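Structure, as structure tokens:
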Protein chains: 2
Amino acid sequence: MEPLSTRQEEILKFLAHYQAEHGFPPTAREIAGHFGFKSHKAAVDHVKALERKGYLQLHKGKSRGMEITSNYPSFSGIIPVVGRIGAGTPIFAIENLEETLKIDSSLFSRGECFAVRVKGDSMIEAHIKDGDYVILKRQDYAENGDIAGIVMGDEVTLKYYYKRKGRIELVPANPKLKPIIIEPGSESLQIAGIMVGLIRRR
Amino acid sequence: MEPLSTRQEEILKFLAHYQAEHGFPPTAREIAGHFGFKSHKAAVDHVKALERKGYLQLHKGKSRGMEITSNYPSFSGIIPVVGRIGAGTPIFAIENLEETLKIDSSLFSRGECFAVRVKGDSMIEAHIKDGDYVILKRQDYAENGDIAGIVMGDEVTLKYYYKRKGRIELVPANPKLKPIIIEPGSESLQIAGIMVGLIRRR
DNA sequence: TGACAAACTATCCTTTTGTATAGTATCTAT
DNA sequence: ATAGATACTATACAAAAGGATAGTTTGTCA
């Protein structure tokens, strides 16, 4: 595959995200609106560049007439399994991918999904076993009681998320392990996503 | 789900097919064209009926603005979810299908797979929760310690399978429930398959 | 230096598409 | 009997969206 510029990758990512979110692709004007372009021609140019490089197939004359052709993880609904993630590096950077699950992510959620492989028994009382793949929907916030994927160092760990009296509690589903309590004012935590599903093999 | 008329089912099927083919939904005029309607209003009416019955979500004012919301039996291979099964009827008979999971079964096993939706907590200590989909590989025997899908009446239930001293024990993963013991010579039990995977939503 | 890709703004025109109004005909359940 | 759903035809109009032309700016590669 021909390499993409930073901007083109952003565009492609947005296309995949919009498609996952809405069930149909965006129009040139919607793309322009999202990125703040004042002329939709800019979006047309990007989309054409993506077609030329083989990432898209365009259908001339048809509204929203585009298909993402690439098998690139996280595009086309396939769920990438994330191993380690560097502090700053985006979660979908290629170097972080361990494998992919050939599953249409729409089974679990609209929106962009990824998976982490569970190590250990910290969520055993939520019936999440060692070796299970937990499917997470990518979002940077969580509701009370959600099982959230939290970025800790260079890994994603799973915890129940609670916000009580202004402080955030990250509670494992295992009585042997202690909750992590984040007092207000301390450095913020980074939520990678919330659990929307689980896959177990064997 | 509300029942669909024959025509409405044809329309929905076409929508799913078109979406799978093209990556985006059809317009009302394209639907009309496919069915030979001379007025695209007919297609609009059908699509609105499908929305009213909950099979579609429409996005007003947006071209191709529709999403299929149901898990409408689709077209790619994929795992059927079996509800009840009549004594003689084959497990894959259409009347038994409740829904399908859009997952390539090769993720779990080489053989033929199907799924049952778990009711209750009888396998809770194996970390199989109420509502989980358990993926079974179709076979009529089991090894010691396998989690097997057993045909009981007109349903499939899950049990640990053990063969000890000539008799077969079907053990739930819940201390509150008693094992079923089948003495040698009594009527044979029917194994539908053995567990090869699990899918949990939410 | 010159060609080319990338990344845009601005404007115009045409086609595509959604939505609306006005009908016709058949069937079904109350 | 009659109201409602189903299943269409026909036509008109406005909004949505694609496509094209003409330009600016900033890089990079050779």
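Since the model is a prediction, treat every value here as computed from it, not as a measurement. To find a chain, count down the sequence lines: A is the first, B the second, and so on, and within it residues start at 1.
Side-chain atoms of A:Leu12 and A:Leu4, non-hydrogen and from C-beta on, do get closer than 4.5 Å to each other.
Smallest separation of non-hydrogen atoms from B:Ala148 and B:Ala142: CB-CB, 4.3 Å. The shortest non-hydrogen separation linking B:Cys113 to B:Val196 is SG-CG2, 4.3 Å. The shortest heavy-atom contact between B:Lys159 and B:Ile180 is CE-CD1, 4.1 Å.
A residue-by-residue look at B:Met66 and B:Asp45 shows that B:Met66 has its nearest nucleotide of DNA chain C further toward the 5' end. Toward the 5′ end of DNA chain D lies the nearest nucleotide of B:Ala42, the other residue of the pair A:Lys48 and B:Ala42 mapping further downstream.
Under the rule for a side chain to side chain donor-acceptor pair (under 3.5 Å), the partners of B:Ser63 that lie at least two apart in sequence or sit in another chain are A:Ser63, A:Arg64. Looking at residues two or more places apart in sequence or on another chain, you find a ring pair (Phe, Tyr, Trp, His ring centres under 6.0 Å) between A:His127 and B:His127. Applying the side chain to side chain donor-acceptor pair (under 3.5 Å) test to A:Glu67 and every residue at least two apart in sequence or in another chain returns A:His59. With sequence neighbours left out, the salt bridge (Lys or Arg N to Asp or Glu O under 4.0 Å) criterion links A:Asp132 to A:Arg200. Shown here are the side chain to side chain donor-acceptor pair (under 3.5 Å) partners of A:Glu10, two or more places apart in sequence or in another chain: A:Arg7. Every residue two or more places apart in sequence or in another chain that forms a side-chain contact (heavy atoms from CB on, under 4.5 Å) with B:Asp45 is listed here: B:Lys41. The salt bridge (Lys or Arg N to Asp or Glu O under 4.0 Å) test applied to B:Glu169 returns B:Arg164, B:Arg167, not counting sequence neighbours.
A tilted orientation is assigned to the rings of A:His22 and A:Phe24, their planes being inclined by 30° to 60°.
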Could you list all N or O pairs between the protein and nucleotides 3-6 of chain C that sit under 3.5 Å apart?
residue	atom	partner	partner atom	Å
C:dA6	OP1	A:Lys53	NZ	3.0
C:dA6	OP2	A:Arg52	NH2	2.5

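Note on B:Val44: a base of the nucleic acid sits closer than 4.0 angstrom, heavy atoms only. Here B:Lys41 lies in heavy-atom contact (under 4.0 Å) with a base.
Atom NE2 in A:His59 sits roughly 16 Å away from atom P in C:dT16 (whole-Å rounding). Here C:dC8 presents its C1' atom at 13 Å from NE2 of A:His40, a figure rounded to the nearest Å. Spacing between atom NZ of A:Lys62 and atom P of C:dT17 amounts to 8 Å, rounded to whole angstrom units. Residue B:Arg64 contributes atom CZ, which lies 17 Å from atom C1' of C:dT19 at whole-angstrom precision.
Considering A:His46, A:Glu9, A:His34 as possible partners of A:Phe14, the one that fulfils the side-chain contact (heavy atoms from CB on, under 4.5 Å) test is A:His34.
The line from CD1 of A:Ile150 to CD of A:Gln190 is 9.5 Å long, rounded to the nearest 0.5 Å.
Contact check of residues 27-38 of chain A against DNA chain D (heavy atom, cut-off under 4.0 Å) returns A:Thr27, A:Ala28, A:Arg29.
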Footprint string (nucleotides 24-30 of chain C, 5' to 3'): B base within contact, S backbone only, - free, heavy atoms under 4.0 Å: -------

Audit row: A:Lys163, A:Glu143, salt bridge (charged side-chain N to carboxylate O under 4.0 Å, His left out) steps and yes/no: CA-CA 8 Å; A:Lys163 193 164 192 175; A:Glu143 308 286 334; over 6 Å; no

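Comparing the local axis fitted to the first five base pairs of the helix from C:dT1-D:dA30 to C:dT30-D:dA1 with the one fitted to its last five gives a bend of 40°, rounded to 10°.
Remark: the backbone N or O of B:Tyr55 is paired with a side-chain donor or acceptor of B:Thr69 at under 3.5 angstrom.
Counting 5' to 3', DNA chain D first comes under 4.0 angstrom of a heavy atom of chain A and last does so at the ends given by D:dA17 to D:dT21.
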